[in-house]
Protein chains: 2
Amino acid sequence: MKTHPLAALDTQARVLSCPRDHALEVVGGDWYRVISGLVRRCAFFSDGRRQIVSFMFPGDLFGFGNAEDGFPISAESVVRGTVVARYPRRAVDRLMASEPAAGEQIRALAFQWMHQTEARLLNVGRMTAAERVGAFLLELAQRSAASGTPDIAVQMSRYDIADYLALSVETVSRTLTRLQEQGAIALPSAHQVRIADREALAAQL
Amino acid sequence: MKTHPLAALDTQARVLSCPRDHALEVVGGDWYRVISGLVRRCAFFSDGRRQIVSFMFPGDLFGFGNAEDGFPISAESVVRGTVVARYPRRAVDRLMASEPAAGEQIRALAFQWMHQTEARLLNVGRMTAAERVGAFLLELAQRSAASGTPDIAVQMSRYDIADYLALSVETVSRTLTRLQEQGAIALPSAHQVRIADREALAAQL
DNA sequence: CGCGCGTTTGACCATACTCAAAGAATGTGG
DNA sequence: CCACATTCTTTGAGTATGGTCAAACGCGCG
């Protein structure tokens, strides 16, 4: 397992273990790292509309200067057994001051992260429902890669997917069904997807 | 005028002066600062769909690690007389190494920037046309603040606005007209907006 | 001054949303 | 361990918001 930029601080990290659908208290400035499970970062409108800004998978780092201005983005565990390590701001600051390489790594991460977020603007803004779902599945496949099975474990609910892609639950469900009918994917169960025809899925962008 | 984080490097900056609708060559790693005019950063689909990721106003810094992976985001001048300073990567790296304060400032900028981008996900994903246009005008008002007039100079075209908000040009135009009819704004000319009823505009989120 | 592009408006259409309900799965308590 | 309840998922029917196509208008630029 590759070491992460904050590995040196693991002894100072506080580990949080969460049940399902549990809001993490995100302290501004502190850094977080998903150890296992799945975390969603989301924003809410007063009227209930929700937008999931990102899913954080094991190994992912987040907490880059949270939400002073603008409106808050909360972090919530998606599945039970989600474990998150919290790195105190001071320790991170000290590390970055003393270890330029770590600062560099984190900076690189932030840039990569930024780019991903900007790419999501395209998804949400300019893609059709089928394209969004397709791109989402490919993203899932890539991030949850490795494990020998060609089946992707879709841990989050249809509601989560909908709020991630800025669609309605019904549209997500219908779109998955249609992709299956077209032979692009197979759905052994509601929470497992097998990509049958990668080309068909990628027939976008 | 407040000094910016890269002020110390101004002597090493290369200044680019651009006509209207001119693509800047963005060198990965280098940093850019808008001196005057207006810059749009955008991504294109192969079929012509365009998404403007951000508008950069005078004083704004951009270029945080551009687009190695994923697809490219280009930067283009919007109005003639746009002037941009380019700071070579090496110089910035050296500055950040020698001046921790500068690094800190840039980091803070990046975080702020990130948050703005994430907020845009909401706009584009979960808001109605009227809400998007309203939020856009308020954003414009805030960024182009100061100048005594209550009239906002809308420098970009309706097409740019449309691709920024992920709407069609027609919808942008119609929405502006309707906001005017409702008395929320006044449109002295196509490129000037006066916010008549801030509350009405902000009646969202 | 005139041409071209940007803007506005209208009519029609399509995609995705809403409302509704049935069926499946997951978790709970007896 | 099973029965029940709740939540999640799927499907259908109708609707609405915003997109597309088309055309007129007006401003700005050459």
Side-chain angles (χ1 to χ4, degrees), chain A residues 19-22 38 40 45 47-52 78-81 123-136 153-181 185-193 204, chain B residues 19-22 38 40 45 47-52 78-81 123-136 153-181 185-193 204:
Chain A
R20 205 172 85 110
D21 292 324
H22 182 79
L38 182 61
R40 62 173 173 250
F45 284 65
D47 64 4
R49 280 177 289 182
R50 182 179 69 152
Q51 173 71 46
I52 294 183
V78 175
V79 299
R80 83 192 166 81
N123 276 282
V124 159
R126 289 304 192 188
M127 283 178 147
T128 66
E131 289 172 325
R132 290 185 220 187
V133 172
F136 171 70
V154 180
Q155 306 193 62
M156 63 291 280
S157 73
R158 297 289 190 266
Y159 285 90
D160 285 334
I161 299 175
D163 286 340
Y164 182 69
L165 299 178
L167 294 170
S168 70
V169 201
E170 294 93 330
T171 300
V172 170
S173 182
R174 271 187 261 271
T175 304
L176 284 169
T177 304
R178 193 158 321 141
L179 286 174
Q180 184 181 31
E181 288 167 359
I185 62 173
L187 289 162
S189 84
H191 291 277
Q192 266 188 323
V193 176
Q204 43 236 0
Chain B
R20 205 171 87 110
D21 292 323
H22 181 79
L38 182 62
R40 62 175 173 250
F45 285 65
D47 64 5
R49 281 177 289 183
R50 182 179 71 151
Q51 174 72 45
I52 294 183
V78 175
V79 298
R80 82 192 167 83
N123 277 282
V124 158
R126 286 308 191 185
M127 282 177 149
T128 65
E131 289 173 326
R132 288 185 221 187
V133 172
F136 172 70
V154 181
Q155 305 193 61
M156 62 290 281
S157 74
R158 296 288 188 268
Y159 285 91
D160 285 336
I161 299 176
D163 286 340
Y164 181 69
L165 300 177
L167 294 171
S168 70
V169 201
E170 295 92 330
T171 299
V172 170
S173 182
R174 270 188 262 271
T175 304
L176 285 169
T177 305
R178 193 160 320 139
L179 286 174
Q180 184 180 29
E181 288 167 359
I185 61 172
L187 290 163
S189 84
H191 290 277
Q192 267 189 321
V193 176
Q204 43 235 358

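Sequence lines set the chain letters: A, B, ... in the order given, protein chains first and strands last, and positions in each chain run from 1.
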5'-most by nearest nucleotide on DNA chain C - Leu167(A) or His191(A): Leu167(A)
Under 3.5 Å: donor-acceptor pair, side chain of Arg49(B), backbone of Arg126(A): yes
Choosing from [options], which nucleotide comes nearest the side chain of [X]?
X	options	answer
Ser168(A)	dC8(D), dT7(C), dT18(C)	dT18(C)
Val169(A)	dT10(D), dA16(C), dC19(C)	dT10(D)
Arg174(A)	dG18(D), dG12(D), dT9(C)	dG12(D)
Glu170(A)	dT10(D), dA16(C), dC19(C)	dC19(C)

Assign [X] to base, sugar-phosphate, or nothing according to its heavy-atom contacts below 4.0 angstrom with the strands shown.
X	answer
Ser173(A)	base
Ser157(A)	sugar-phosphate
Ala166(A)	sugar-phosphate
Thr177(B)	sugar-phosphate

To the nearest Å, give me how far apart [atom1] ([X]) and [atom2] ([N]) are.
X	N	atom1	atom2	value
Arg49(B)	dT20(D)	CZ	P	10 Å
Tyr159(B)	dT7(C)	OH	P	7 Å
Arg126(A)	dG19(D)	CZ	C1'	10 Å
Leu176(A)	dA16(C)	CG	P	14 Å
Asp163(A)	dC17(C)	CG	P	11 Å

Val124(A) to Leu165(A) - nearest heavy-atom pair and separation: CG2-O, 4.1 Å
Nearest atoms (heavy-atom pairs only) where Gln51(B) meets Asp163(B): NE2-O, 3.1 Å
Rounded distance (nearest 0.5 Å) linking atom OG1 of Thr175(A) with atom CD of Glu170(A): 11.0 Å
